[in-house]
Novice: 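I am attaching a structure below and will ask some questions about it afterwards.
The sequence lines fix the lettering, A, B, ..., with proteins before strands; numbering per chain opens at 1.
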Amino acid sequence: MKKQLSMLLAAGMAVSLLAGCGGTPSGTGSDSTATADTGASTAATGDATAITLWTYPIGSFGDSATVDSLIAKFNETHPEISVTVEYLDYTNGDDQVTAAIEAGTTPDIIMEGPERLVSNWGAKGKMLPLNDLWTDEAVADISATSENVVSACQWTDGNYYEYPLCMTTHTMAINKEMFEAAGALQYINEDGTWTTENFEKALQALKDSGVTTTAIVYCGGQGGDQGTRALVNNLYSGQFTNADHTAYTADSDANKKALQQLVDWANEGLITYDAAAQASDELQLFANGNVAMTLCWNASNQANYAESVTFTAMPVAFPSDDGVPELCGGIWGFGLFDNGDDAKAAASKEFIKFLCDDAQQGPESVRLTGFFPVRSSFGDVYAGTEDEARMAQFASFMQYLGDYYNVAPGWAEQRTAWWNMLQQIFSGVSVDDATATYQQSCTDAINGAA
Amino acid sequence: MASKTKAAAAGGETLTYNQGTFRNSALVRQQTLAAYLFLLPALIFFVLFVVVPMVMCLVTSFLDYRMGKPLTFVGFAQYIKMFQDPVFLKALQNTFILVIVAVPAVTAFSLWVGSVVYKMSSFKRSFYRCVFYLPVVTGTVAVAVVWKWMFNKYTGLINYVLNATGIIHENISWLGDARFALGCITLILFTTSIGQPIVLYIAALGNVDPSLIDAAEVDGASNLQVFWHIKWPQIMPTTLYILVITTINTFQCYALIQLLTSGGPNHATDTIMYYIYYQAFKLNDYGYGNAMGVVLAIIIAILSAIQFKFAGSSD
């Protein structure tokens, strides 16, 4: 009897494991939750519409005090709408949203980019179309900055699932003093561009001067993978997807040549690859002065690391064979989850319009992100501010903004396949075989998304 | 008259007996009802958060259940796909390696430390219990951050020490090199798993009847004989518990992988639990993730049953 009971207990313990697999978690992790409930001013009306906003840490939109003050301003004109905010991070945020979607507890508004709002949740029917926000005036104003922004916010079904606020280009950055000491600064043009040939010369100069770690091709995860994608695509002018974003093109001759070049440089000791490092690790090493350059830089990083670096972090473009880079872009804005409540949807749209379109608040909202406005009518939002000079450096790279391919189907699967492919290539698998495996994963993902 | 009284008395006794039976059974019913009422809150939680998800997991493992797609019954297709999926097979292999290495190592090391510590004075015993239990209460994230720094290729302590002592001449990416990554994970898992077994062994060894040990020693038994014939049988239930719990925990190794390697390099540290998470939460393929969860549960149940069987037969 005892034995039977014991067996039953063991089976029970093992089977209880299943409890972790089934169903969907209803919690969304309240550790990072802060509430900016402005209901006090609305309670008197007795007719408040309560909406929720979830935001990833996009500039100061990850700071509760800043967002609280935005909501307070909004409530000056819309006391009938109360906004509750939850702050996500890039480590767990996607899991929290996924759990919320399955549990039916999604927020009304979410702030992120088209790769999530449009090609992921929008494509899966979880988002509300925002076509009414995209007036002719808005389309014209945003198109004047970049047609890519407009197309990135629109899914193939013709609906807009994101209303954008800001954008930027992702660049590299170098340790200027380290480059100067190595005599490598001469290989970078005044405008921050450089050729693949000169990039190699710079790497050699750095190595010859005793710099042990010149650049790290990090591939420990998907964080900051735009850096490695941009490096590979630019070296020999490859493209990440085809023109209509229906297929990935890592196996193009240009991309395979670039991947092989990286392996060769790693074998020669000119660069390092690290399958244990993600972009955050590489950035920290760069900030500590342990590595001569970073592949993951932008205006926001420049501001965030300004106090911790003891050298000049100089933003530069990715090297390309023709000297004309195509930089990855970042677009951030707002989307609405389809929660079946028209009143909340209408209130949410009011809040989005206030943040993005309001003549006074719009430019301020953009400044809070640390990036650039998608609306050309906003002009230089940093003019006359203490950030003017710093942002001017990055503004000069906007002319090199490349195709916004992040909206290709199967994007989430592709991201994992990408860093796995880099790991394979640097651990001895041939470029042909690794890219073939990557392409197969992407094809499966595209077919699965169809 | 006398007989009437007797009969009445007899009847009265019978009545009294029947009333007692009635009262007893009523009391039992009342107590049972009260017990069930006390159990009810826990039972509701158990049903809602354990039984229902378990059933949902099993059911959805037979469905094509992906975000934004209609639910479709696919039978055993996901189970078949699983055993044709090279990443799952690699994760299965890595998980078994972890279990085969970590479980015996944790059990043996804990027994050794417990054997040494339980004889110490109360103060020293408490001290060592705290020391070895510290990684358990520290939290996986904090532990992972420290180990990540120690294994760091560029600024890590391990490379620094090995370089300084001349054992290596070039920094190694411990967590980024397929030759070392799983070994490093095993080592970290080992350090975070030994706390509870050590505490349990110290308690179990302290409860071994000293008169039996004295008697055996008087009879000339060696230390090994005393351990094998006196202590070992008495701590067998503890050993069994440690084996089962450590096996289950090792099979469920997820957080370390997520925090340190994301399954890399080149799937060298993928485990089943991490792959379940990846399929369900990264790719939103819940049906496939749940099918893997079912298979993992079956594997753990079988292994636990084997452990009980062996431990039972050695009694």
Novice: Under a 4.5 Å heavy-atom cut-off, does chain B meet the side chain of A/Tyr273, its backbone, both or neither?
Specialist: both
Novice: For B/Phe251, is it the side chain, the backbone, both or neither that has a heavy atom under 4.5 Å from a heavy atom of chain A?
Specialist: neither
Novice: Between B/Trp174 and B/Phe180, is the gap from one ring center to the other below 6.0 Å?
Specialist: yes
Novice: Is the ring centre of A/Tyr161 less than 6.0 Å from the ring centre of A/Trp121?
Specialist: no
Novice: Just checking heavy atoms, which of residues 415-425 of chain A are less than 4.5 Å from chain B?
Specialist: A/Thr416, A/Trp419, A/Asn420, A/Gln423, A/Gln424
Novice: B/Asn284, B/Asn266, B/Thr261, B/Asp285: which one forms the most heavy-atom pairs within less than 4.5 Å of chain A?
Specialist: B/Asn266
Novice: Answer whether the closest heavy-atom distance between the side chains of A/Met127 and A/Ile110 falls below 4.5 Å.
Specialist: yes
Novice: For B/Thr269, is there any backbone N or O sitting under 3.5 Å from a side-chain donor or acceptor partner on B/Lys90?
Specialist: no
Novice: Is the side chain of B/Ser262 donor-acceptor paired with the backbone N or O of B/Gly264 at a distance under 3.5 Å, no angle test?
Specialist: no
Novice: Are any side-chain N or O atoms of A/Asn288 and backbone N or O atoms of A/Asn290, one a donor and one an acceptor, separated by less than 3.5 Å?
Specialist: no
Novice: Going from OH on B/Tyr286 to CG on B/Asp64, what distance comes out if it is rounded to the nearest 0.5 angstrom?
Specialist: 12.5 Å
Novice: Looking only at side-chain N and O atoms, does B/Ser61 offer a donor or acceptor that is under 3.5 Å from a partner on B/Tyr79?
Specialist: yes
Novice: Strictly less than 4.5 Å between heavy atoms, which residues of residues 210-225 of chain A line up against chain B? Please order them by number.
Specialist: A/Thr213, A/Ile216, A/Gly220
Novice: Using a 4.5 angstrom heavy-atom cutoff, name the option from A/Leu285, A/Asn120, A/Asp94 with the most pairs to chain B.
Specialist: A/Leu285
Novice: Describe, in one word, how the ring planes of B/Tyr277 and B/Phe281 are oriented to each other, choosing from parallel (under 30°), tilted (30 to 60°) and perpendicular (over 60°).
Specialist: parallel
Novice: So, for B/Phe76 and B/Phe83, is the gap between ring centers shorter than 6.0 Å?
Specialist: no
Novice: May I ask you to check if B/Lys81 and B/Tyr288 form a cation-pi contact, with NZ or CZ under 6.0 angstrom from the six-membered ring centre and within 45° of the axis?
Specialist: yes
Novice: Would you mind checking which part of B/Lys282 comes under 4.5 Å of any heavy atom in chain A, side chain (CB onward), backbone (N, CA, C, O), both or neither?
Specialist: both
Novice: Between A/Ser119 and A/Pro409 (side chain of the first, backbone of the second, donor and acceptor by atom type, cut-off under 3.5 Å), is there such a pair?
Specialist: no
Novice: By a 4.5 Å heavy-atom criterion (distance strictly below it), what part of B/Phe151 contacts chain A: side chain, backbone, both, or neither?
Specialist: neither
